[in-house]
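A quick write-up on the structure given underneath.
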Amino acid sequence: MRIAMVSAHTSPLAPLGGRETGGMNVYVLELSRELAALGCNVDIFTRLDGDLPRVEPVAPGLRLVRIDAGPAAPIEKEAIVAHLPEFVRNLYTFACAAPPYDLIHSHYWQSGWAGTILARRLALPHVVMFHTLGEVKNRARFGEAEPTLRIRHERTIARRADAIVTASNHERQLLERYYGADPAKMHTVPCGIDLERFRPLPRSEARARLGLPADIPILLWVGRVERLKGLEILLDAVAGLERADARLLIVGGDDRAAPLRAELEAQARALGIADRITFTGAVEHASLPWYYSAADICVVPSFYESFGLVAVEAMACGTPVVASRVGGLTSTVIDGVTGYLIPWRCPEPFSEKLDVLLANPELRANFGRAARASVERFRWSTVARRIAEVYETACERRGRRPALPPAAIADR
Ligand code: UDP
């Protein structure tokens, strides 16, 4: 099976932790790797945004193809929309010259839009995954203003796709409620995680490596530094802790996060906790297991997460999670077992649960063990086979016989 994976606005090979480089990048790259390992041929298509090769081999059976669309330089995600017609035209030309693809799998609404048009022109099945939805973002946090164009396109993409992958049941319900998506076309498959990379490492070694003291409580936040992540709630929560020696590491953020970071630093100063907060900037994915293992608790105070990879990565490293009770987090964090889910987006209940865990090492250890055990269901090989099943269903909808490699169907 030859798959055209479309990720127009962000390259899966770009450094993580930037404004537009987070969970979706990890997902597209890791899913593609896993499908290629199963015997599929995968080309990931992204916009050319620098002096970079047009076609870059990534692994056997997996290539990254950069398509001309607008300037060959980084541009704001919102500005990419204007170049999508060119992206579609050039991807179409590339696809016509290449051995035929069997299916298009697109990610996020911009690529979903491109995928919808390409699927029609190339007469291919189209599988879409939205990752976030405009309507849901607007409802999650006061002040979010996703354009109506996005929401209108999302509705059309959902209607025309042969299959929609949702990362959680919650996302599936939202697609049905706000977008009228057909439940028969939706398939809930959680995101995957590399359980060999994300595993518990010795805490004292992790702290020593990161230059962190051995004997004080460490809280950890990881992600793209953006407003929807609720960092201001977390700072208030840290200021309200009984454990006044607890430190918070904020991992992630690039130059474009500078204005929000400056606001957060000002907030920390006003709260009198600036000396307890460390902004590390973005950290390589491969180094993150040391951070998760060094921390006592990982906190995810987001206003919304469609899945929330960070929470799962932390649990895979045996670190309990205190998270907002929103979106995908409600199906990954088990309240009172692997961490706590906080129903209100305000600091006090976060401080309270953090204090409970900080005061009780045995509880933390129990939660940590349960956390690691709970993430086995997110193993990539399992997730990729379930996605291959979705491809099969999408092909059948179009009356096509799917040509899945035997490894993708071996253990059914
Ligand atoms: N990440 C990273 N380095 C950083 C910050 C984040 O590798 O400095 C990764 C993190 O490990 C996770 C992803 O970015 O895999 C964030 O995914 P999540 O689903 O939590 O949030 P999203 O980006 O989808 O909003």
Side-chain angles (χ1 to χ4, degrees), residues 7 9-31 33 77 107-109 129-134 136-137 140-141 144 146 165-168 170-171 189-199 210 220-231 234 249-258 260-261 278-295 298-317 319 321-324 326-333 339 375 378 380 383:
S7 171
H9 80 275
T10 180
S11 162
L13 296 188
L16 296 171
R19 195 177 136 223
E20 307 300 351
T21 50
M24 189 186 115
N25 304 62
V26 175
Y27 181 85
V28 170
L29 183 61
E30 295 303 318
L31 173 66
R33 267 191 209 284
K77 182 169 65 178
H107 300 269
Y108 191 67
W109 77 271
M129 184 159 180
F130 286 102
H131 296 269
T132 65
L133 289 159
V136 176
K137 247 182 128 174
R141 184 180 176 279
E144 294 291 325
E146 287 300 312
V165 178
T166 63
S168 66
H170 186 255
E171 191 188 353
V189 183
C191 293
I193 161 147
D194 181 343
L195 290 174
E196 275 67 51
R197 169 174 283 182
F198 291 99
R199 62 181 208 282
L210 302 177
L220 175 69
W221 180 93
V222 178
R224 292 175 300 111
V225 175
E226 69 156 28
R227 293 193 190 279
L228 210 65
K229 297 287 182 181
L231 273 162
L234 179 53
L249 299 186
I250 297 182
V251 173
D254 57 7
D255 291 350
R256 286 152 80 200
L260 180 54
R261 177 174 162 168
T278 307
F279 287 87
T280 67
V283 165
E284 266 190 39
H285 208 224
S287 305
L288 279 175
W290 293 109
Y291 285 78
Y292 291 123
S293 300
C298 180
V299 198
V300 188
S302 308
F303 287 86
Y304 186 70
E305 289 287 344
S306 63
F307 185 71
L309 272 179
V310 161
V312 179
E313 290 167 359
M315 291 190 290
C317 293
T319 304
V321 173
V322 175
S324 311
V326 292
L329 295 168
T330 58
S331 55
T332 55
V333 179
V375 298
F378 304 120
W380 259 122
V383 171

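Please read these numbers as outputs of a predicted model, since none were measured by experiment. Keep in mind that the numbers below use all heavy atoms, side chains included, and drop hydrogens, waters and symmetry copies. Just so you know, ligand 1 is whichever comes first in the structure, and atom 1 is the first atom listed for that ligand.
- Judged as a salt bridge (Lys or Arg N to Asp or Glu O under 4.0 Å), not a single pair has a partner in residues 279-288 (not counting sequence neighbours).
- Taking the six-membered ring for Trp and thresholds of 30 and 60 degrees, H9 and Y108 have ring planes inclined between 30 and 60 degrees apart.
- Of the inter-residue distances, the one linking R224 atom CZ with M24 atom CE reads 10.0 Å to the nearest 0.5 angstrom.
- A heavy-atom distance below 4.5 Å is not found between the side chains of V312 and F198.
- Between W221 and V310 there is no side-chain heavy-atom pair separated by less than 4.5 Å.
- Put simply, the side chain of T319 does not reach to within 4.5 Å of the side chain of L220, judged on heavy atoms.
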Distance dump, ligand 1 polar atoms to protein, N/O, under 3.5 Å:
| unit_1 | atom_1 | unit_2 | atom_2 | d |
| --- | --- | --- | --- | --- |
| ligand 1 | 3 (N) | V283 | O | 2.7 |
| ligand 1 | 8 (O) | V283 | N | 2.8 |
| ligand 1 | 8 (O) | V283 | O | 3.3 |
| ligand 1 | 11 (O) | H285 | NE2 | 3.4 |
| ligand 1 | 11 (O) | E313 | OE1 | 2.6 |
| ligand 1 | 11 (O) | E313 | OE2 | 3.3 |
| ligand 1 | 15 (O) | H285 | NE2 | 3.3 |
| ligand 1 | 15 (O) | E313 | OE2 | 2.6 |
| ligand 1 | 17 (O) | G23 | N | 3.1 |
| ligand 1 | 19 (O) | L309 | N | 2.9 |
| ligand 1 | 20 (O) | L309 | N | 3.3 |
| ligand 1 | 20 (O) | V310 | N | 3.1 |
| ligand 1 | 21 (O) | K229 | NZ | 3.1 |
| ligand 1 | 23 (O) | G23 | N | 2.8 |
| ligand 1 | 23 (O) | R224 | NE | 2.8 |
| ligand 1 | 24 (O) | G23 | N | 3.3 |
| ligand 1 | 25 (O) | R224 | NH2 | 2.7 |
| ligand 1 | 25 (O) | K229 | NZ | 2.7 |

